[in-house]
Amino acid sequence: MITETLIKGQLLISEPSIIGDLSFNRSVILLADHDKEGSVGFIINKPLKYTINDLIPEVRARFKIYNGGPVEQDNLYFIHNIPDLIPNSIEISNGIYWGGDFESTKELINNGTIQKGNIRFFLGYTGWGENQLEAEMNSNSWIVTSNNYKNKIIGKSATHFWKEQIMELGGEYLIWSNAPENPYLN
C-alpha cells in the first residue's frame, strides 16, 4: 500500500527513475527513525562482499554485511527481532529493533543463539535532515509503503527484493520490473 505519511518501520522503495546513483538505484530502505529533525534508514537489499567475521574476527559466523547507506560507512549497525536477548535495543516497529549491547550480541552469535534470520548487519546508514526526505518524495525519488513482512524482513532475501516490491506496486511500475539496471547500457 503506497502512503504519503512517513512513520518509522515503513519501506522506502527507490523510484525506477533513480538511475546512476550507486547508493540508491534499486534500493529498498527500512525507515528506522523519522521525526521533525530528520530521518534514518538502512538499505536492506544491497549485500556487500563481507561477512561479520571478516570485519570482527572474534565473531564466528558468516552473516552477510549490507550497505546500509552512504553515511558513516566505517560504522557497523544492526537490526534484529530478538529484543529479549539483546539488551538496550530500540524498537523501530512491528517487532524490529535497532542496535543494543554489542558484546552480548557477539556472545549470542558465537554460542548459536542468534541465527541469520534474527539479525542483519550494515555498514553505514541513510540519513536525511529536516524535511529532506519529504522533498525527495515530492520530487518522485521514493515510494513509501507499509512493511508487510514485519520482523520477518530481517531474513528476507535481498536478491530480487526491489523487483518484487516494484511488481507488487503494479500498474505503471510493472514495465520497470524487467528493465536492465542501467537502461543506458542496453
Side-chain angles (χ1 to χ4, degrees), residues 1-3 6-16 18 21-34 39-55 59 61-71 73 76-86 89-100 105 108-109 112-127 133 141-171 173-174 176-179 181:
M1 177 173 119
I2 297 176
T3 180
L6 289 169
I7 56 172
K8 61 185 189 172
Q10 291 174 315
L11 298 179
L12 304 176
I13 303 165
S14 66
E15 281 277 358
I18 298 181
D21 184 319
L22 295 178
S23 292
F24 299 121
N25 186 24
R26 295 187 180 216
S27 291
V28 179
I29 296 174
L30 175 66
L31 192 59
D33 196 15
H34 175 75
S39 306
V40 172
F42 299 103
I43 303 172
I44 59 173
N45 66 321
K46 302 269 181 155
L48 297 169
K49 61 182 178 181
Y50 311 109
T51 67
I52 189 69
N53 179 257
D54 293 329
L55 300 180
V59 176
R62 307 294 298 167
F63 300 166
K64 288 181 184 176
I65 302 291
Y66 289 77
N67 176 2
V71 182
Q73 288 202 316
L76 187 68
Y77 300 91
F78 62 98
I79 60 172
H80 59 88
N81 57 17
I82 44 174
D84 51 324
L85 297 178
I86 301 176
S89 302
I90 299 168
E91 185 169 21
I92 295 172
S93 74
N94 296 314
I96 303 170
Y97 291 79
W98 175 10
T105 302
L108 292 165
I109 292 171
T113 303
I114 295 178
Q115 300 294 311
K116 200 182 302 188
N118 299 126
I119 197 164
R120 188 167 287 199
F121 291 95
F122 305 93
L123 280 178
Y125 68 90
T126 302
L133 181 54
S141 295
W142 302 104
I143 304 160
V144 181
T145 67
S146 300
N147 172 12
N148 297 325
Y149 303 95
K150 302 196 183 332
N151 69 1
K152 302 284 188 251
I153 199 164
I154 293 169
K156 184 87 174 115
S157 172
T159 307
H160 301 288
F161 196 53
W162 181 85
K163 180 178 178 173
E164 291 169 14
Q165 295 299 298
I166 289 296
M167 289 177 70
E168 282 183 27
L169 293 172
Y173 294 102
L174 284 177
W176 288 100
S177 65
N178 288 314
E181 191 162 336

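As a basis for the values below, the full set of heavy atoms in this structure was taken, side chains included, without hydrogen atoms, waters or symmetry mates.
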Kindly indicate whether the side chain of [X], heavy atoms from C-beta on, has any atom under 4.5 Å from the side chain of [Y].
X	Y	result
T105	F78	yes
N118	L85	no
F122	I44	yes
I13	I166	yes
T126	L12	no
F121	L55	no
I90	D33	no
L133	L31	yes

Please name the pair of heavy atoms, one in [X] and one in [Y], separated by the smallest distance, quoted to 0.1 Å.
X	Y	answer
R120	K156	NH2-O, 2.6 Å
R26	S14	N-OG, 3.1 Å
S93	G9	OG-CA, 3.1 Å
S27	I43	OG-CG2, 3.9 Å
P70	F24	CD-CZ, 3.8 Å
Q10	T145	CB-O, 3.4 Å

Next on the checklist: Test side chain to side chain contact (heavy atoms under 4.5 Å, CB included) on L108 and I82; report intermediate values, then the result.
Outcome noted: CA-CA 11 Å; L108 292 165; I82 44 174; 5.8 Å; no
Item to check | Derivation and outcome, side chain to side chain contact (heavy atoms under 4.5 Å, CB included), residues I154 and K116 | outcome: CA-CA 8 Å; I154 293 169; K116 200 182 302 188; over 6 Å; no
Checklist entry - With distance as the sole test, does N151 use its side chain to make a donor-acceptor pair with the main-chain N or O of Y97 at under 3.5 Å? => result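 It does not hold such a pair.
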Checklist entry - Is S89 reaching over with its side chain to a backbone N or O of G99, donor-acceptor style, under 3.5 angstrom? => result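 Checked: pair present.
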Rounded to the nearest 0.5 Å, what separation is found between the [atom1] atom of [X] and the [atom2] atom of [Y]?
X	Y	atom1	atom2	answer
K46	N25	NZ	CG	5.5 Å
N94	Y149	CG	OH	13.5 Å
K150	I153	NZ	CD1	11.0 Å
K49	I65	NZ	CD1	13.5 Å
E91	K8	CD	NZ	7.5 Å
N45	S157	CG	OG	10.0 Å

Next on the checklist: Walk me through whether V71 and V40 qualify under side chain to side chain contact (heavy atoms under 4.5 Å, CB included).
Outcome noted: CA-CA 10 Å; V71 182; V40 172; over 6 Å; no
Next on the checklist: Applying side chain to side chain contact (heavy atoms under 4.5 Å, CB included) to I143 and E15, what does each step give before you reach the verdict?
Outcome noted: CA-CA 6 Å; I143 304 160; E15 281 277 358; 3.3 Å; yes
